There are 2 protein chains.
Amino acid sequence: MEKKLGKVLVVDDEKDILQIVKYNLELHGYDVQTAENGVDAIDKNKSFKPDLILLDIMMPHKDGIQTCIELRANPENDNTLIIFLTALSDERSEIRGLELGADDYIAKPIKPKLLVSRIHSAFRRIIKDDSKTIIFPNLEINREKFMVKHNSVEVALPRKEFELFALLASKPGRVFLRNEILEKVWGNDVIVGDRTIDVHVRKIRQKLNVDYIQTVKGVGYKFEI
Amino acid sequence: MEKKLGKVLVVDDEKDILQIVKYNLELHGYDVQTAENGVDAIDKNKSFKPDLILLDIMMPHKDGIQTCIELRANPENDNTLIIFLTALSDERSEIRGLELGADDYIAKPIKPKLLVSRIHSAFRRIIKDDSKTIIFPNLEINREKFMVKHNSVEVALPRKEFELFALLASKPGRVFLRNEILEKVWGNDVIVGDRTIDVHVRKIRQKLNVDYIQTVKGVGYKFEI
DNA sequence: TTGTCGATTACGAAATTGTTAAGAACTAAG
DNA sequence: CTTAGTTCTTAACAATTTCGTAATCGACAA
């Protein structure tokens, strides 16, 4: 099964709309569930835990605004995006929705392409943070946390060691020439001896116990899982 | 001086619009600067470092789309929101803008209330993290009361210490560079000595007895429970 | 065997952070 | 406006960690 981009819960009382939206989002790789009213939406949110909720404002059994308020009241949903979806294209309700903690607003009638674009855009904001992490089985390198997690054990690497390791891991399998490493980790103008790199490599190997870094004689080093 | 909500750079070639937008945003507590074209915008972005850029699409000297591409190419602006502002209310350009990495889209003619709402909403996403109370086992950080409750004992921290601690705790595990800390706790224009951060860290450690703050040499500090 | 290249080790230099105390800058109360 | 009490910043020095080097060892190939 193809990996899904993210989970979206669509809430609207018109089945036609649910269908159109569901179809279009699934086409673009999202995992979609639907709800027909606010009560239903809050239930489905609990079980499905979507990343994003598309919420119609005008609905029987708890309208979208009320639903939004309730969702936002629960800190569990802090990271859930809420986008209102509504026929009321007047300024007032748009403002109200945004003030209530919604993240965006899409006016009906729905234009599929625009819808998908907005949702892509919304997701881009969510996943931006993860992009700074390089993940392998048993190994996680987080540039933001300056941390290497190896077999669920966090290992702290000093700056040079970390930068060297992260550089190699950024392109697994690719061999980095010694010159290249010097240039990227130490900078073009700093001059350090030949053994410096080796020593750092050694320290990394020592700290991780496993030999992720392989020597390519006469050439340089490469990262291999 | 009242504390500003955030920094906004408004880019448009029509001076009327710049004025209207600037006026309305300043009225609501934002720190606003303006630019009249893309080239100017990129300059001002460097010096002003806004949190959000309102970008007109149709402009002489580098249009908004091109400007957006250039801004997004620089990882320094990863956390800068970009909202397009344009008279082209057709679906096409809206999609294009969003695909390019813009975060939202506001159609002209500008309705001041709506504009302000959207911007509030956009900012809410940025500052979501420093809202209210951060809770961990045995530790509770309350931004409103400026209180830290540690093992059910309330500890009062002075402002700088509190802000520093709250900043680190807002993203547990993540390392904050010294620069980042200075910028966020002290502000971009204040210049303080090198040992200032250390001294504050020490005082926090002292008052809480437990070492929630860890040093990452050569990099910065991080919070870890 | 010998030469080359990387691995390893230990040590001193350099860089960075920790600690302390003093006084400057602020605040709140009178 | 003064005073008393905090809070903030700085500076000097101590402690620690990281960095780079040199010396030596080991593997491998010619």
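This structure is a prediction, so every number in the text was calculated from the model and none was measured. Chain letters run A, B, ... following the sequence lines, proteins first and then strands; every chain starts at 1.
- Residue Glu161(B) is the one, among Lys217(B) and Glu161(B), whose nearest nucleotide of DNA chain D lies closer to the 5' end (criterion: closest heavy atom).
- One atom, CD of Glu163(A), and another, P of dC19(D), lie 9 Å apart when rounded to the nearest Å.
- Atom NE2 in His28(B) sits 10.5 Å away from atom CD1 in Ile119(B) (nearest 0.5 Å).
- Contact annotation for Thr196(A): base contact, defined as any heavy-atom pair under 4.0 Å involving a base atom.
- The side chain of Arg195(A) lies closest to dA23(D) when the candidates are dA12(D), dA23(D), dT16(C).
- Atom CD1 in Ile181(A) sits about 15 Å away from atom P in dC19(D), given to the nearest Å.
- Between Arg205(A) atom CZ and Thr215(A) atom OG1 the span is 4.0 Å, to the nearest 0.5 Å.
- At a threshold of 4.0 angstrom between heavy atoms, the contacts of Val199(B) include nucleobase atoms, whether or not backbone atoms are also involved.
- Taking the charged nitrogens against the carboxylate oxygens, Lys49(B) and Glu183(B) have no contact shorter than 4.0 Å, which rules out a salt bridge.
- Both Lys203(A) and Gly218(A) lie close to DNA chain C; mapped to their nearest nucleotides by heavy-atom distance, the more 5′-ward contact belongs to Gly218(A).
- Spacing between atom CG of Leu177(B) and atom P of dT17(C) amounts to 11 Å, rounded to whole angstrom units.
- Rounding to whole angstrom units, CG of residue Leu182(A) and P of dT21(D) are separated by 10 Å.
- Contact check, Thr215(A) against dC5(C): no side-chain N or O comes under 4.0 Å of OP1 or OP2.
- The side chain of Trp186(B) places an N or O atom within less than 4.0 Å of a non-bridging phosphate oxygen (OP1 or OP2) of dT9(D).
- At the heavy-atom level, Tyr221(A) lies under 4.0 Å from the strands shown only through sugar-phosphate atoms.
- Atoms CZ (Arg159(B)) and C1' (dT27(C)) sit 10 Å apart, rounded to a whole Å.
- Partner of Ser170(A) under the side-chain contact (heavy atoms from CB on, under 4.5 Å) criterion, chosen from Phe165(A), Phe176(A), Phe223(A): Phe176(A).
- Note that Lys222(B) lies outside the cation-pi zone of Phe146(A), set by a 6.0 Å cut-off to the ring centre and a 45° limit from the axis.
- Using a 4.0 Å heavy-atom criterion, one finds that His200(A) contacts the sugar-phosphate atoms exclusively.
- Lys160(A) has its NZ atom 20 Å from the P atom of dA13(C), to the nearest Å.
- In this entry the distance linking CZ of Arg202(B) with C1' of dT16(C) reads 17 Å, nearest Å.
- The nearest whole Å value for the distance from the NZ atom in Lys207(A) to the P atom in dT17(D) is 11 Å.
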